[in-house]
Amino acid sequence: MSAKPVEELIKEWEREQVRLKGMLQVGDTEDWQRSPCFAGLERVGGVDLSFIKGDDVKACAQLVILSYPDMKLLYEDSQMVALDAPYVAGYLAFRETPSLLQALNRLEETQPALMPQVVLVDGNGLFHYREFGLACHLGVLSGLPCVGVAKNLLQVQGVVRDEEHFSQINALQKGGDTFPLTSESGRVLGKALRSSDKSTKPVYVSVGHRISLDTAIRLTHSCCRYRVPEPIRQADILSREYLRKHFPSADLQTQDAGER
DNA sequence: GCGACAG
DNA sequence: ATCTTGTCGC
């Protein structure tokens with residue numbers, strides 16, 4: 001049928017990002033966020049999408065809710081979805097947000113008491129080309145506080161993966177240590193966080209919606225048993241597990257077993 | 001032309 | 001995102 005040129009899509013997407021950015025709330029809006037030990041925080045959400053190797057349309061959308069501070073699994077939802085948007089760096093939200101919102105809606109309908117008080121998102125928030133990454137997008141459209149946690153550095157607004165960056169990484173001594181990701185204009189868009197004593201490679205944390213950067217850092221660190229914070233890690237593990245179970249990899253090594 | 005490119 | 005076993009080290 002009539003496929004829309006990607007360049008056309010991107011123009012629309014850029015306008016939509018600007019529109020939604022007007023609804024963004026940066027800063028702490030919840031009581032628990034002001035508490036030193038996050039008193040009142042009981043449920044943290046994690047979201048992720050996993051794919052099958054040769055298929056960039058079908059995906060497993062995953063939502064998990066973990067208890068805080070125990071990080072026990074309270075709820076999980078795996079759902080196969082068909083994505084309609086391609087992956088374009090800077091526009092990840094248009095590919096992933098619809099499925100994640102649907103998962104949150106299913107939770108709202110079936111177990112509203114389990115709605116998360118904050119969601120950790122696999123990707124960036126304000127640390128983004130136009131300061132409106134996936135975590136901001138999902139935050140605004142869901143109304144929930146969101147934090148962006150990226151596993152890889154996005155080189156944006158003058159932040160570069162150069163010798164200086166690696167030297168800053170080497171200076172991180174222990175879990176909880178950070179250094180700011182500052183744009184050429186001097187704004188702190190996020191922070192690199194050494195998430196545990198054992199992990200050398202930091203994660204990149206930025207504000208999504210309805211939370212301050214300092215709170216986002218403290219929260220992310222307090223959710224880490226390993227490098228990747230538990231809510232995101234569990235979402236990743238469970239969605240992959242779902243794919244393994246329901247789509248036994250019929251790859252190139254085993255596909256001709258039934259031929260002839 | 002070359003390098004970058006969250007997931 | 002995904003392709004992939006073992007291996008070195010605490």
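The shown structure was predicted, so the numbers you read here are calculated from the model rather than taken from an experiment. Note on naming: letters A, B, ... go to the chains in the order of the sequence lines (proteins, then strands), and numbering restarts at 1 for each one. Excluded from the calculations below are hydrogen atoms, water molecules and symmetry mates; all remaining heavy atoms, backbone and side chain alike, are included.
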What's the CG-C1' distance between A/Leu154 and B/dG7, to the nearest Å? 11 Å

By nearest atom, which of the nucleotides B/dC5, B/dG7, C/dT2 is closest to the A/Tyr129 side chain? B/dC5

Rounded to whole Å, CD of A/Glu96 lies from P of B/dA6 at a distance of 12 Å

Which is true for A/Gly90 with a 4.0 Å heavy-atom rule: it touches a base, it touches only sugar-phosphate, or it touches nothing? base

Any donor-acceptor pair under 3.5 Å linking the side-chain atoms of A/Glu14 with those of A/Tyr91? yes

d(CD, A/Gln62; C1', B/dG7) in whole Å: 16 Å

A/Asp122 CG - C/dA1 P separation (whole Å): 6 Å

Any base atoms under 4.0 Å from A/Phe94, or only sugar-phosphate, or nothing? Heavy atoms, all strands. nothing

Should A/Arg161 be listed as having a side-chain N or O under 4.0 Å from OP1 or OP2 of B/dA4? no

How close or far is atom C1' of B/dA6 from atom CG of A/Leu189, stated in whole angstroms? 14 Å

For A/Tyr68 and A/Ser222, which I'm curious about, is there any donor-acceptor pair between the side chains at under 3.5 Å? yes

Would you say the side-chain atoms of A/Thr215 and A/Gln33 include a donor-acceptor pair closer than 3.5 Å? no

Donor + acceptor pair across side chains of A/Thr29, A/Arg210 (<3.5 Å): yes

Would you mind checking if A/Glu109 and A/Arg106 are paired as a salt bridge, meaning a charged N to carboxylate O distance below 4.0 Å? no

Counting any heavy atom closer than 4.0 Å, what does A/Asp56 reach on the DNA or RNA strands: base, sugar-phosphate only, or nothing? nothing

Gap between atoms CD1 and P, on A/Ile52 and C/dC3 respectively (whole Å): 10 Å

Respond yes when some side-chain nitrogen or oxygen of A/Lys198 is under 4.0 Å from OP1 or OP2 of C/dG9, and no when none is. no

Nearest-neighbour nucleotide for the A/Asn124 side chain, B/dG7, C/dT2, B/dA6 considered: B/dA6

Taking atom P of C/dT2 as reference, at what distance in whole Å does atom NZ of A/Lys53 sit? 13 Å

Would you tell me if any nitrogen or oxygen in the side chain of A/Tyr87 comes within less than 4.0 Å of OP1 or OP2 on C/dA1? no

Between B/dA6 atom C1' and A/Gln155 atom CD, what is the distance in whole Å? 12 Å

